[in-house]
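So the structure is just underneath, and the comments pick up after that.
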Amino acid sequence: MNNSIKSLLAVLFGLLAGALLMAVTGHNPVEGYKFLIQGGLKSPERIGNTLATATPLILTGLSVAFAFRTGLFNIGAAGQMLFGGFCATAVGLSVDLPRALLLTLMVLAGFIGGALWALIPGILKARYNVHEVVSTIMMNWTAYWTVYYVIPGYFKGESLETESRQLPPEAMLHASWLSDMFQGSYINLGFFIGVVAVLVVAFLINKTTLGYELKAVGFNRHSAEYAGIAVKRSIVLSMFIAGGIAGLAGVAQYAGNASSLQIGVLPSQGFDGIAVALLGANAPLGVMVSALFFGVLYSGRGFMNAMTEIPPEIADSIIAIIIYFAATSILIERLFRKWKVRKSRAPHSAANKKQGEREHVDNA
Amino acid sequence: MKKGVLSLISLALSVTMLAGCGGKPASEPTGGAGSDAPKANFKVGMVTDAGTIDDKSFNQGTYEGIVKANKDFNMEYKYLKPAGTTEADYSKEIGNLYDAGFKFIVTPGFKFETAVHKAQEKYKDAKFVLIDGSPRPNPDADPELKENTVAIYFAEQESGFLAGVATALHVKDGQAGFIGGMKIPPVQKFNWGFQQGVKYANESLGTKVTINKENVVYQGTFDDVAAGSQLAAQMYDRGVNVIFAAAGGVGVGAINEAKTRVQNGNDVWVVGVDVDQYQDGVYEGDKSVILTSAVKKIDQAAYDMIKAETEGKFPGGQTITLDAKNDGVGLPAENPNLSEDILKQVDEVFNKIKAGEITVAAEQGDLIE
């Protein structure tokens, strides 16, 4: 069954369940969805905001998807994003350079910061077989507390204890032509970082030897090893790149969508990235599309709440339900196969019974 | 097998979610409050700060003021909860309210300062009430108030002072502590006022209550309930009798810890903040661990501004400070845990602050943090 059909089904089921939820609570689902979509796309400003909201999601989704291709479950995108954003913010606040150079340096710092944060779980996995789910989660909290300590200590704002100083305008990803084009939206150059990252990763995964090797490790570690692929190196490299991409999400978030780094917050985009990757079937373009879809949901939600009596929690529930279906797409696939088996069995049931049973066993 | 369990769990979750939603009244009480008053010709919107609408503190106080105003003036109202706490998140929700026709927008919390600064320029025909802050181009700049915005501040130190006096009078001989949320001016002013209040009682009313340096802590967030419990436990272990918790959800943790201890027979208390938190501290029947609360009449602020708007007297462009003089701060009307005698003495102090005989400093001076 085609991956994009699976994802579309997950979205469809999610939206249906959301509609049901709205109907059960006494609201008009058609109206709800109308305003949800209008809220995300009604005006150039709203479209810009949707793209800006989607930007960190594109990058964290890409990070999770990339690691997943090598068979690694990177739950640490939040921490990598935070630390990447922190490194970029630190550079932006302490280095004085011409704008183009400074922004390049910040993007680099963000990538390396995130990459380092994922490198450690990568090495632990490759050398000692420490499960990356555990170590990346722990790295999340290490990043959280590191930032919690360092920001107030060295980059504190004048009046606020819990935020870094504001980045100077030349250290931010805002571009006036871009916000003018989208009529005052907070969209920024971060979006292009996202697009470029998608293209680069798509090329890397599909067209290069390295991508082939990483995928081979993901499919079957042992056969990859047998084929002479350096499995350990691939694991470390995959985590490094995945972390770097998540770090870029931090740059887009903290130097683009926001202008300072708040302590005590683990960015929710890191975890949403898992959902984005799942829904995008771990393919770069899929991630891009699903991140944009989440962007519409997230930024349209407020308008739906403002225009209708639907409580804000419903929009969150819809998102959650879609994630359920995306995550359990394997169930959808199974149902689909069962249905297919039954269908093919119906005309000549006796003859095909044996084969049907065998397929059954395969499915289980 | 595992997948079966997983899908079962997700099913169970979605069912409970559905049930939870079904239990709610079908529509939020917007507009039709059943009163006969003519409908006001403006819609009131509110954007919540970090935390939920029922945070028992800032968001809730503001919202209650709006609900109360609705009873009298029968206008449409609505609150939106932003996805995060960045300026972009806030601006987005302000824009949503505006586009939906809510042109009287109340924002509780200093974090809205930059968002409201942009919004007052962008939406010239809308009106903004910023509670606990003043619009600024960036957090460190001077305030810039436009004609369509009112900035409201509270004299938290006076409220904290009264709570400090009441605490000292109740404990008489012992220790008090303070747990703050983020280290921001309103919370700090509560703390400094509280310390001055305790000191005043020690000097003038014959109590012997100490506040040690290690028992004055800012947790750093407003939502870490577990951390609040831990901090409170440490303080109570060090012999503290009363903790003043100006910390939102962190304070809820402190209250929980106090409940546990009181049920185990210890004599410990919490002083609530922002709103009368008595109900939150109830552990048995109507007995509560909340000694009293240092109240900021946030609801009153929201109510007054809406009232002013209905009368066409919206004080746009002004900065308003609510203090003891205009009854904007103080202790709750009911204090079941304080004796008549203590209440009388606190009242005297309150009147002295009103009359200007006692001035409570809003700066740290030689106080603890």
Side-chain angles (χ1 to χ4, degrees), chain A residues 17 20-21 24-27 35 38-39 42-43 45-46 49 52-53 148 152 157-163 165-166 184 186 253-254 256-260 262-265 267-268 298-314 317 320-321 324-325 327-328 330-331 334, chain B residues 3 6-7 10-11 13-14 17-18 20-22 24-28 30 45 47 50 53 78-89 91-102 110-111 113-114 118 122 136 138-141 181-185 188 218-224:
Chain A
L20 191 72
L21 210 57
V24 165
T25 51
H27 305 288
F35 290 126
Q38 275 187 7
K42 193 169 77 135
S43 64
E45 184 188 352
R46 285 180 182 277
N49 289 350
T53 310
Y148 200 101
E158 259 177 67
S159 52
L160 294 179
E161 294 278 336
T162 53
E163 276 179 28
R165 285 196 301 276
Q166 300 286 307
Y186 64 94
Q253 174 67 16
Y254 298 112
N257 293 356
S259 52
S260 65
Q262 295 176 343
I263 65 168
V265 187
S268 62
Y298 277 125
S299 65
R301 183 180 62 173
F303 190 64
M304 177 181 88
N305 298 147
M307 295 301 290
T308 65
E309 294 307 317
I310 300 169
E313 289 75 14
I314 294 231
S317 306
I321 294 167
Y324 276 145
F325 281 112
T328 53
I330 191 125
L331 284 178
R334 246 186 226 194
Chain B
K3 276 163 199 153
L6 262 182
S7 51
S10 29
L11 188 72
L13 276 175
S14 9
M17 223 157 55
L18 271 168
C21 288
K24 266 191 195 165
S27 67
E28 295 263 309
T30 299
V47 184
I53 194 75
K78 161 138 339 178
Y79 76 89
L80 294 185
K81 187 177 184 304
T85 53
T86 63
E87 182 196 304
D89 292 319
S91 297
K92 223 193 273 179
E93 301 309 335
I94 290 175
N96 283 328
L97 283 172
Y98 181 87
D99 285 352
F102 293 86
F110 71 97
K111 285 200 161 175
E113 287 183 332
T114 53
K118 284 216 176 103
K122 192 167 169 188
R136 302 165 205 273
N138 74 65
D140 300 326
M182 291 182 181
K183 205 175 188 181
I184 51 171
Q188 289 173 302
Y218 292 90
Q219 197 274 331
T221 73
F222 285 115
D223 51 16
D224 196 338

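We use all heavy atoms of the structure for the numbers below, so side chains are in, but hydrogens, waters and symmetry mates are not. Here the structure is a predicted model, which is why all the values come from computation and not from measurement. Order of the sequence lines sets the chain letters (A, B, ...), proteins ahead of strands, with each chain counted from 1.
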Working to the nearest 0.5 angstrom, can you tell me the gap between A:E163 CD and B:T85 OG1? 7.5 Å
Atom group of B:S91 that falls short of 4.5 Å from chain A, counting heavy atoms: neither
Listed partners of B:K81 passing side chain to side chain contact (heavy atoms under 4.5 Å, CB included), at least two apart: B:T48, B:T52
Is it the backbone or the side chain of B:E93 that comes under 4.5 Å from a heavy atom of chain A, or both, or neither? side chain
Contact origin within A:Y186 toward chain B - heavy atom pairs under 4.5 Å: side chain
Report the option among B:D224, B:T114, B:L80 that has the most heavy-atom pairs separated by less than 4.5 Å from atoms of chain A. B:L80
Starting from the C-alpha separation in whole Å, work towards a yes-or-no answer on side-chain hydrogen bond (donor to acceptor under 3.5 Å, both in side chains) for B:N138 and A:R165. CA-CA 10 Å; B:N138 74 65; A:R165 285 196 301 276; over 6 Å; no
Among the listed options B:D99, B:L97, B:T221, the residue most often paired with chain A at heavy-atom distances under 4.5 Å: B:D99
Applying ring-ring contact (aromatic ring centres under 6.0 Å, His included), can you list everything that pairs with B:F110, at least two apart in sequence or on another chain? none
Less than 4.5 Å to any heavy atom of chain B: does that hold for the side chain of A:Y148, its backbone, both, or neither? side chain
Euclidean distance, A:N49 CG relative to B:D89 CG, rounded to 0.5 Å: 10.0 Å
Using non-hydrogen atoms only, which part of B:K122 is less than 4.5 Å away from chain A: side chain, backbone, both, or neither? side chain
Are A:R46 and B:N96 close enough, and set up right, to give a side-chain contact (heavy atoms from CB on, under 4.5 Å), and what steps lead you there? CA-CA 10 Å; A:R46 285 180 182 277; B:N96 283 328; 2.6 Å; yes
Most heavy-atom pairs under 4.5 angstrom with chain B, which of A:Q253, A:Q262, A:Q166, A:M307? A:Q262
What distance do A:R301 atom CZ and B:K92 atom NZ have between them, rounded to the nearest 0.5 Å? 8.0 Å
Pick from A:G39, A:S299, A:S259, A:G264 with the largest number of heavy-atom pairs that fall under 4.5 Å of chain B: A:S299
Quick one: what part of A:N257 sits under 4.5 Å from any heavy atom of chain B, side chain, backbone, both or neither? backbone
